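Right, one structure below, let's go through it.
Computed from a predicted model, the values in this text were never measured in an experiment. Below, chain A is the first sequence line, B the second, and so on; all start at residue 1. Quick note: numbers below take in every heavy atom, side chains included, and nothing from hydrogens, waters or symmetry partners.
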Amino acid sequence: MLSVTGNLQSELIIGQIEENTIMRIKELLNQRFLVAMQAAGIPSECSPTLALGGKAQFGDYQANGAMAAAKRLAMPPRELAQKILDNLDLDGIAETLEIAGPGFINIGLSNAFLADSLGEPKAGPARDQQTVVVDYSSPNLAKEMHVGHLRTTIIGDTLARVLEYQGHEVIRQNHMGDWGTQFGMLIAELEEHLGEGEQAALALNDLEVFYQQSKKHFDADPEFADRARAYVVKLQSGDQHCRGLWQKFITVSVAHSLEIYQELNVGLTEEHVKAESAYNDDLDTVVKDLVDLGLAVESEGAKVVFLAELADKNGNPSPMIVQKSGGGFLYATSDLAALRHRVNTLKADRILYFIDARQSLHMKQVFATGRKAQFVPPTVSLEHHPFGTMMGPDGKPFKTRTGGTVKLADFLVEAIERAERLMREKNTDLNETEIKAVARKIGIGAIKYADLSITRTNDYVFDWDAMMSFDGNTAPYLQYAYTRIRSIFRKADIDPETFSAPIEIVAAEEKTLALKLLQFDEVIDQIAADCYPHTLCAYLYELASVYMSFYEHCPVVKAGVPEKTQHSRLQLCALTAATLAQGLDLLGIDVMEKM
RNA sequence: GCACUCGUAGCUCAGCUGGAUAGAGUACUCGGCUACGAACCGAGCGGUCGGUGGUUCGAAUCCACCCGAGUGCACCA
C-alpha cells in the first residue's frame with residue numbers, strides 16, 4: 001500500500017529505471033526501498049543498504065538499512081522494518097519478504113520475475129558516455145618486455161574492454177619509454193654494429209643481449225661512454241644522424257612489443273603508441289608555464305615544483321624536478337605534457353593510469369601539479385590504479401632460475417607448451433592443429449586469469465602448477481565449463497546462437513543460475529567504476545560453479561525430460577555460455593568449442 | 001627519519017558504502033561415472049581475521065597506538 005507521495009515518486013523513479021537501464025536487480029530494489037522508506041517517514045539520507053543475501057536462508061538480497069534508520073529515529077528497528085514493508089511495493093518481483101534478526105529485511109525473488117527478466121532483450125547502457133583515456137603497458141623500449149610488464153598490460157586492457165562494452169569512448173595510450181638517457185648508449189652501440197656492415201634487424205635480434213653488450217661497452221670504454229653521453233644531447237636536440245640511428249632501434253623494439261601484444265591477445269596496436277618522444281617539443285613550454293605560474297622554482301640549479309599538499313608531518317613539501325640543472329628533462333616533465341595533451345587534444349573526461357604501485361608518489365606529484373597549473377580542470381578525473389609485484393613461489397619477485405628477469409616472449413612460450421603437455425595427458429580427441437590452437441588459448445588464458453583474478457593492489461604469487469592445474473578458480477575451468485555447454489548443443493543438434501525458448505524456473509539450481517546470470521551487469525558496473533577486474537573473475541567462477549551444480553541436478557537432453565523443460569534448460573545453457581564467453585572476452589581470454 | 005601498501009584456514013586468496021554462524025580454492029579424508037565431457041560434482045576437516053585499546057545495537061572492515069613484511073622518498077624512467 002503506497003501513500004500518495006510514495007506512489008508518485010514510485011512511478012517517477014520506476015519509470016526512469018525501466019527507461020534507461022538493463023535489468024539491474026539491485027538498482028531496482030534500491031529504488032523501490034527508497035520510495036518505501038520515504039513513505040514510512042524516513043529521512044532521504046538513509047540508504048536501504050542493499051546487499052546480496054549472505055546465505056540461502058537470508059534470501060536473494062537483503063536490505064540492511066532499517067537498523068541505521070531506526071537508530072536515527074530512535075525507534076525499535078524491527079518495528080521500523082515492518083513499517084518499510086507496509087509501504088513497499090515489490091509485486092511481481094519478490095515472493096517472500098521477511099524481517100529477521102535485529103531488523104534485516106530478507107528478499108526472496110520470484111521465479112517468474114527472474115525468468116521474465118532473462119527473456120528481456122539486453123538494452124545498451126544509456127548512462128553518460130565519457131571519453132576515457134587508458135594509459136597502460138608503456139614498456140621501456142631500451143630492453144625487451146619482461147614479466148614486469150604483464151600486469152599493466154593485462155589489467156589495463158581489461159579495463160579498456162570493459163569501458164568499451166559500456167559504450168564509452170576509450171582511447172588507449174601506450175606511453176612507451178623511448179627517450180631516456182640509455183638511448184645515447186644504445187645508438188652509439190648500434191652505430192658500431194652498422195659500421196661493421198651488420199643489419200639493424202640482425203644486431204637487434206635480441207634486445208636484451210644488445211642492451212647488456214652496450215652497457216658493458218659503456219662501462220669499459222671511456223671514449224665510448226663520452227660518445228654515448230654526447231649522443232643523448234644530440235638526439236634530443238634533433239641531430240639527423242642520431243635521430244636516424246634511434247629510429248632504427250625504436251622500429252625494431254616497437255615491432256617486438258606489438259608481436260607480444262598479438263600473442264597475448266591484447267588490443268594494443270601501433271595506433272595506440274604515443275611514446276615519450278612525442279612530447280619532446282612541448283617540454284620547454286611545460287617548464288616555462290610552470291615557472292610563469294610560480295609553481296616551478298630554481299633549487300640547486302634545477303627547476304623544481306614543491307608541493308605543500310604532499311608535505312610530510314614536519315611540513316617539508318614534496319619536491320618534483322621538472323628540469324635538471326644541466327637543462328635536461330625528466331619523465332615528470334613528459335608526464336605533464338602528456339596530461340595536457342590528453343585533456344586538451346583528446347578531450348578526456350577520465351584518465352586512467354595502470355602503473356606499478358611504486359610509482360604512487362610520482363603519480364600524486366604529477367596529478368597535484370597538473371591540477372595546480374590548471375592543465376586539468378576539476379571535471380576531469382585523474383586516477384592512478386596501482387598494482388603489486390608478481391612474485392615467484394618463493395615469495396620473491398619472479399625471476400629465472402639464474403636470477404635474471406624473465407622475458408615475456410619466453411614466458412608466453414612456456415605457458416603454451418605447458419598447456420599442450422597437459423592436454424596430451426588428458427584424453428582429447430582433437431587433432432594436432434586443433435591441439436596447438438587450443439593450447440595457445442589455454443596457456444595465454446591461464447596466465448592472464450592468474451593475474452586478473454587477484455586483487456589488483458596486492459603482490460601476488462605466481463605458480464605454474466597452481467595456475468595450470470585446471471582446478472579451482474582458473475581460466476581452464478571456465479573454458480571447460482563453456483565447452484561442456486557447447487557439447488550439449490552439439491548433442492542436441494541445436495544452434496545455441498539462434499536458439500530461443502521461454503524459461504520456466506522450477507528447481508532450486510535453476511533459480512540460482514538465473515539470478516547469477518542477471519547479475520552480470522552489476523559486476524561490470526562496479527569494475528568500470530573501481531577498476532578491480534578480480535571481481536569479474538570471481539563472478540565468472542561463481543557462475544561456472546553454479547552452472548556445474550545445475551548441470552548435475554537438471555538433465556537437459558537426457559531421456560525423459562519433457563520438451564518444455566528441455567527447452568527452458570537449453571535457454572539457460574545458452575545464456576550461461578554467452579555470459580561466460582562475454583565475460584572472458586572482457587578479460588581478453590578466448591573460449592573454444594572443444595578442449 | 002618520513003610516506004604509501006599489506007598482515008584472514010597448512011598453502012594461494014575473497015570478504016562490496018560497518019551487518020546475521022568470516023567464505024572459496026588447494027592440500028588432506030570420505031562418497032558419486034552401463035558418461036547431456038569425472039579437466040566434474042557432493043560431504044567432512046581446517047580460523048583468537050598480527051596485537052592492544054577505542055567508536056556502537058553490531059568491527060576482518062572505521063580511529064589511535066604497537067609488532068611484523070614490502071615499497072618509495074631531488075637531477076634514471
Most 5' of A/Met423 and A/Ala51 on RNA chain B, judged by nearest nucleotide: A/Ala51
Which residue lies more 5' along RNA chain B, comparing A/Leu50 with A/Arg490 via nearest heavy atoms: A/Leu50
Presence of donor-acceptor pair under 3.5 Å, side chain of A/Gln62 and base of B/A20: yes
For nucleotides 54-62 of chain B, which of its nitrogen or oxygen atoms have a protein nitrogen or oxygen under 3.5 Å away, and what is each distance?
from	atom 1	to	atom 2	distance (Å)
B/U56	O3'	A/Lys71	NZ	3.3

[X]/[Y] ion pair, N-O < 4.0 Å:
{"X": "A/Glu189", "Y": "A/Lys215", "result": "no"}
{"X": "A/Lys26", "Y": "A/Glu522", "result": "no"}
{"X": "A/Glu45", "Y": "A/Arg72", "result": "yes"}

Enclosure of A/Arg440 CZ (heavy-atom neighbours >12, cutoff 6.0 Å): no
Within-4.5 Å side-chain heavy-atom neighbours: A/Phe210 and A/Phe249: yes
Sub-4.5 Å side-chain heavy-atom contact between A/Thr333 and A/Ile321: no
Nucleic acid footprint by protein, nucleotides 65-74 of chain B - heavy-atom cut-off 4.0 Å, B for base, S for sugar-phosphate alone: ------SS-B
B/C40 pyrimidine/purine six-ring stacking with A/Tyr480, under 5.5 Å and 30°: no
For atom CE of A/Met320 and atom C1' of B/A3, their distance in whole Å: 17 Å
Pairing nucleotide - B/C11, Watson-Crick or G-U, each distance under 3.5 Å: B/G25
Base-pairing mate for B/C36 - Watson-Crick or G-U, with both contacts under 3.5 Å: none
Parallel, tilted or perpendicular: ring planes of A/Phe462 versus A/Tyr460, cut at 30 and 60 degrees: perpendicular
